[in-house]
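Inspection log for the structure reproduced underneath, given as structure tokens.
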Amino acid sequence: MKAALVTNYDKNSLELSLSEVKKPVPKPQQVVIKVLAAGVNPLDNMISRGEVKMIVPYKLPQIAGNEVVGRVEQMGSQVSQFKVGDRVFARLPLTSIGAFAEYVAVDGQALAKVPEYLTDVEAAAVPLTALTIMQSLDLMKAQAGKTIFISGGTGGVGAMAIPIAKAKGLKVITNGDSANAERVLALGADQFIDYKTEDYTTLLTGIDYVLDTLGGQETEKQMSIMKKGGQLVSLRGMPNGAFAKRMNLPLWKQGLFALAGRSFDKKAKQYGVSYHFIFVESNGQQLQEVANLFSQLKIKPSIDTVFVFDDVNLALDKVANGRSRGKTVLRFE
Ligand SMILES: NC(=O)c1ccc[n+]([C@@H]2O[C@H](COP(=O)([O-])OP(=O)(O)OC[C@H]3O[C@@H](n4cnc5c(N)ncnc54)[C@H](OP(=O)(O)O)[C@@H]3O)[C@@H](O)[C@H]2O)c1
């Protein structure tokens, strides 16, 4: 089968190599799916640059791609919740990615059934970002009626995070690119702040939860708008010791991440809030919860550009260059 491989880590070239490889055979707990569409994420480029090596050390060559939609073709002996022909989707488990291929073997625990109203391309935009917000809300122990600030909510994460947070009963405030203000308000955001002309640190106070999609200087700025006891989950800040422990990384890595994330932990203490870092993981049960919610609300993800699989490198380049108006997706014939 055809697959797109990371053959070496390279900060300057994100190019994957299109090669013929063996079709996978399912382990007892896996199914093999024929890939219909795959979401393309900034994470795919981070893996090619070697930026997540400390969290997941892939043995190269590695088939790329973290997010998949496909049809079940072959079943492992221990999988009972799916059958051949089911249309399923997943954020693939960290240690067995490989969505950029004609077939992929996936642990049954990572999969959920795709809501019928979504096309293959639309469904490919859901798992990674939807699980990111589900897992962030879990870490925050988010309660209905409280307020969340989602920074950069005009991007791919926001498109999932805003409707899911609303459906969980939260008040949602977001900021981002003003050209997308109407779209995010239509997703249910209660307040929109234009990041180029307004300063959210002077407009907001007493925020319960923050989903930080920006990192850098912005993380501390977001701590400053929070209530004491607030919970901030960062997607782009520094991983810390608590994160490494949660991920069951070896003790030496836990020590390194504790050092690396110390300044964020210290800042959080000064503001009286909790700082968490997250690296989104596969979870079929959580994804099924999202799928059921989407079936009720008929939420349509925003799609930016669809590429055919052979153009995978153009798709990765598009994602690397920002200015996203929604998800970039690969389509398989
Ligand atoms: N750790 C994890 O598990 C995890 C999971 C999912 C995503 N992520 C990360 O989360 C980040 C966001 O992902 P995404 O898919 O939403 O990105 P995206 O689609 O590129 O969207 C980013 C959005 O933020 C806006 N923005 C840029 N600078 C801003 C600022 N200073 N203040 C407010 N808004 C600003 C952008 O507007 P412009 O068009 O004006 O630039 C854009 O609308 C990425 O870095 C991704 O890697 C991490």
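Counting starts at 1 for both ligands and their atoms, in listed order. Excluded from the calculations below are hydrogen atoms, water molecules and symmetry mates; all remaining heavy atoms, backbone and side chain alike, are included.
Counting heavy atoms only, Thr132 comes closest to atom 5 (C) of ligand 1 of the residues Asn66, Leu43, Thr328, Thr132. Which of Gly152, Ser178, Gly39 comes nearest to atom 23 (C) of ligand 1 through a heavy atom is settled by distance: it is Gly152. Closest to atom 45 (O) of ligand 1 by heavy atom, among Met160, Arg236, Glu281, Met46, is Arg236. Around atom 16 (O) of ligand 1, the closest heavy atom drawn from Leu211, Thr154, Val157, Asn321 belongs to Val157.
The ligand atoms of ligand 1 that sit less than 4.0 angstrom from a heavy atom of Phe279 are 3 (O). Within the listing of ligand 1, atoms 33 (C), 34 (N) sit less than 4.0 angstrom from a heavy atom of Gly176.
Under 4.0 Å is where a charged nitrogen must lie from a carboxylate oxygen, and between Lys171 and Asp208 no such pair does. A salt bridge links Glu67 with Lys327: at least one charged nitrogen is closer than 4.0 Å to a carboxylate oxygen.
Between the side chains of Asn292 and Gln288, at least one donor N or O sits under 3.5 Å from an acceptor N or O.
Not a single donor-acceptor pair under 3.5 Å links the side chain of Arg91 to the backbone N or O of Leu131.
On a distance-only criterion, Glu218 and ligand 1 share no N/O pair closer than 3.5 Å. For a threshold of 3.5 Å applied to N or O pairs, the pair formed by Gly156 and ligand 1 contains at least one separation below that value.
Contacts of Leu214 with ligand 1, taken as heavy-atom pairs under 4.0 Å, involve the side chain alone.
Contact between Lys168 and Leu137 at its shortest, heavy atoms only, is CG-CD1, 4.0 Å.
Between Val233 and Met140, some side-chain heavy-atom pair lies under the 4.5 Å cut-off.
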